[in-house]
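Hydrogens, waters and symmetry mates are skipped; everything else that's a heavy atom, side chains included, is used.
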Amino acid sequence: MGGIGVVLNPRSRQNRRDPAAASRLARTLGDRGVVRTARTREDLARIAEDFRKLKIDVLGISGGDGTNHITLTGFLEVYSDEPLPPIAFLRGGTMNTVANAVGVPRGKPDGLLSALIARYNERGKASLRVVERNTMRIDDHYGFIFGTGAIHGYMAEYYRHPEPNPVHAASTLYEASKNVMLGHRTPVAERWEGSVELSGGVRLPMRDYLCIAAGTVDQIGLGFRPFYRSGHVPGRFHILGIHTSALGFVKKLPDIWQARPMGEEHTYDHLAEHAILEARSGVVRYVLDGDLHEHHGPLEMRVGPRVQIVVEHKAGIRPPGGSTFTFPPPWIQPGNS
């Protein structure tokens with residue numbers, strides 16, 4: 001059959017507010033493919049089997065980062081050693097960091113799908129512009145952005161808001177940074193104590209870390225780019241063992257925004273294909289592509305399959321990247337306290 005297969009998560013916040021999204025995308029797609037909704041992981045496995053048998057040319061995903069990584073996990077399990085078709089992130093969620101990082105054009109799912117169809121109609125998938133990125137396999141999940149400690153604390157605080165959105169994400173960072181600068185306690189500054197064994201015999205020592213973070217895309221959210229070495233070596237992820245204080249980290253935010261290294265006095269910095277995290281407590285609480293997870297015992301990370309991501313749906317137009325937020329604001333300019 002070929003064509004475009006779209007998976008929609010009806011339980012994502014944006015799609016819950018727009019229950020007609022699936023039927024609207026189906027009308028937009030017409031006879032060029034199929035739209036399927038996945039309410040459960042069992043649904044997702046059946047959809048992946050159907051799409052594999054149909055030999056779809058493009059896999060569209062309507063959801064945010066969490067939906068994307070759950071969908072990729074389900075499809076990679078079903079496709080096994082068979083490569084996935086090019087993936088079109090249609091931004092149907094509130095958090096779209098991976099799409100921003102690789103250069104997916106901004107827009108709503110309907111508009112992005114329409115533009116994808118127009119380009120696909122030219123010469124099929126051969127007319128699509130793609131970039132390649134490795135996934136990371138964390139336990140039994142696949143994704144692009146990983147973090148423990150303060151990253152987990154930040155996301156847990158962010159999700160306490162009844163309607164999380166990019167503005168609330170920025171305000172959560174602002175309030176946490178302000179509290180750190182003033183010497184006040186904040187749950188966002190959660191730390192992680194443990195050790196990390198990396199491929200090649202490298203071992204990050206057992207100690208107190210602000211966080212362990214890793215990515216195969218450069219961004220972590222709101223336009224911050226700590227993983228500036230991601231993509232430099234295929235088959236590697238960029239991992240950081242950030243051991244500075246919360247105040248030291250806040251003062252380095254301008255460097256992270258500009259994709260500059262934090263420096264050895266603040267972080268361990270490596271490219272790796274495999275890592276094992278051992279928490280002193282025996283429990284690793286972590287974030288993968290915006291979703292909160294908890295793992296008991298050593299946590300294994302490894303480079304996952306390489307995937308193609310559609311980044312430009314319309315000929316002659318370069319997709320925007322980065323963030324709409326102005327940075328750095330005065331309260332974290334170097335030298336301010």
Side-chain angles (χ1 to χ4, degrees), residues 58-59 61 64-66 68-69 71-73 75-76 83-89 91 95-106 125 128-138 141-148 151 196 198-200 202 204 211-242 252-253 255-264 266-275 286-290 300-313 318-323 327:
V58 184
L59 170 61
I61 307 175
D65 288 332
N68 294 340
H69 104 75
T71 302
L72 284 176
T73 296
F75 269 71
L76 286 168
L84 294 185
I87 300 157
F89 292 140
R91 293 181 175 271
M95 187 180 297
N96 299 284
T97 302
V98 176
N100 293 338
V102 299
V104 173
R106 297 183 185 278
K125 67 179 181 181
L128 301 178
R129 180 173 178 265
V130 300
V131 297
E132 292 190 356
R133 290 291 186 275
N134 279 100
T135 57
M136 292 185 294
R137 179 170 180 167
I138 315 295
H141 311 285
Y142 291 89
F144 301 92
I145 304 167
F146 167 88
T148 68
I151 295 172
V196 184
L198 302 175
S199 49
V202 177
L204 307 188
C211 66
I212 303 294
T216 53
V217 297
D218 65 346
Q219 294 190 32
I220 199 167
L222 297 177
F224 288 94
R225 295 180 290 164
F227 310 118
Y228 59 93
R229 298 171 66 189
S230 65
H232 288 192
V233 180
R236 299 288 190 276
F237 52 82
H238 189 188
I239 186 167
L240 303 172
I242 302 175
K252 297 302 292 185
L253 286 176
D255 286 333
I256 299 170
W257 178 265
Q258 296 293 337
R260 295 193 296 256
M262 294 177 61
E264 294 180 359
H266 297 283
T267 183
Y268 302 112
D269 184 326
H270 295 276
L271 292 177
E273 59 183 7
H274 181 261
Y286 68 94
V287 178
L288 181 62
D289 289 2
E300 184 174 20
M301 305 171 56
R302 62 174 62 252
V303 172
R306 199 162 176 83
V307 296
Q308 293 184 327
I309 304 171
V310 180
V311 295
E312 189 174 356
H313 301 319
R318 187 171 182 80
S323 169
F327 191 87

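Applying the ring-ring contact (aromatic ring centres under 6.0 Å, His included) rule to F227 yields no partners; only residues at least two apart in sequence or on another chain are considered. Listed by chain and residue number, V102, R133, I309, V311 satisfy the side-chain contact (heavy atoms from CB on, under 4.5 Å) test with V131 (two or more places apart in sequence, or in another chain). Legend: residues meeting side-chain contact (heavy atoms from CB on, under 4.5 Å) with A101, ordered by chain and number and at least two apart, are V217, D218, Q219. Looking at residues two or more places apart in sequence or on another chain, you find a side-chain contact (heavy atoms from CB on, under 4.5 Å) between D269 and Y228, R229, H238, L240. In terms of the side-chain hydrogen bond (donor to acceptor under 3.5 Å, both in side chains) criterion, residue partners of E132 (sequence neighbours excluded) are, by chain and number, R306, Q308. By the side-chain contact (heavy atoms from CB on, under 4.5 Å) test, H141 is found to be paired with H69, T73, D139, Y286, L288, H293, residues two or more places apart in sequence or in another chain being considered.
At a cut-off of 3.5 Å, with distance as the only test, no side-chain donor of R91 or N68 sits close to an acceptor on the other residue.
Atoms CZ and CG, from F89 and L72 in turn, are 5.0 Å apart once rounded to the nearest 0.5 Å. For the atom pair OG1 of T135 and CZ of F144, the computed distance is 6.0 Å after rounding to the nearest 0.5 Å. Here the CD1 atom belonging to I220 is positioned 11.0 Å from the OG atom belonging to S230, to the nearest 0.5 angstrom. Separation of atoms CZ (F237) and CE (M136) is listed at 7.0 Å; rounding is to 0.5 Å. Summarising the geometry, atom OG1 belonging to T216 is positioned 13.5 Å from atom CZ belonging to R236; distances are rounded to the nearest 0.5 Å. Note: I239 CD1 to L204 CG = 6.5 Å, rounded to the nearest 0.5 Å.
With contacts defined as side-chain heavy-atom distances shorter than 4.5 Å, the pair K252/H266 qualifies. Within the 4.5 Å cutoff, the side chain of I87 has no heavy atoms near those of the T71 side chain. Here the side chains of I61 and L59 are in contact, with some heavy-atom distance below 4.5 Å. Side-chain contact check for N134 versus P305: every heavy-atom pair is 4.5 Å or farther apart. M262 has its side chain within reach of I242: a pair of non-hydrogen atoms, C-beta onward, lies under 4.5 Å apart.
Side chain of D289 to backbone of I145: a donor-acceptor contact under 3.5 angstrom is found.
Heavy-atom minimum distance, V58 versus A88: CG1-CB, 4.1 Å. When all heavy atoms of L198 and A272 are compared, the closest pair comes out as CD2-CB, 4.2 Å.
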Next on the checklist: Please determine whether side chain to side chain contact (heavy atoms under 4.5 Å, CB included) holds for the pair V104 and V310, giving the CA-CA distance in whole Å, both sets of side-chain angles, and the decisive distance to 0.1 Å.
Outcome noted: CA-CA 7 Å; V104 173; V310 180; over 6 Å; no

